[in-house]
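Take a look at the structure set out below.
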Amino acid sequence: MLRTARGERSMVDVAAAGLSAETLRKIETGRAPTPAFFTVAALAGALGLSLDEVATPATPPGVAPESAVA
């Protein structure tokens, strides 16, 4: 989802939101499978996504998205 949302923007452009390009690379490749909330929030803001949009695909099957975000 992150790679798709980034689109044509480079990792450096998105990382300007306060992250390193290496952190972004680790998240995109799954080497950082559980980034901190503030990292996710910064990425969502940089990509123009709401936290709801980010949380929904990350919610495990069978769990209501509202309970996963709370």
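Computed over heavy atoms, backbone and side chain alike; hydrogens, waters and symmetry mates excluded. Remember, predicted model here, so these are calculated numbers, not experimental data.
Heavy atoms only, all atoms of each residue included: Ala5 and Leu49 are closest at CB-CD1, 3.8 Å. Minimum interatomic distance between Arg6 and Leu47 (heavy atoms only, all atoms of both residues): CA-CD2, 3.7 Å.
The CZ atom of Arg3 sits 7.0 Å away from atom CE of Met11, with the distance rounded to the nearest 0.5 Å. Note that CZ of Arg9 is 10.5 Å distant from CG of Leu24, once rounded to the nearest 0.5 Å. Interatomic distance, Leu43 CG to Glu28 CD, rounded to the nearest 0.5 Å: 9.0 Å.
Ion pairing of Glu22 with Arg25 is present here, as a side-chain N (NZ or NE/NH1/NH2) and a carboxylate O approach within less than 4.0 Å.
Leu19 and Val12 fall into different hydrophobic clusters, where Ile, Leu, Val, Met, Phe, Trp and Tyr are joined by side-chain heavy atoms under 4.5 Å apart, directly or via other members.
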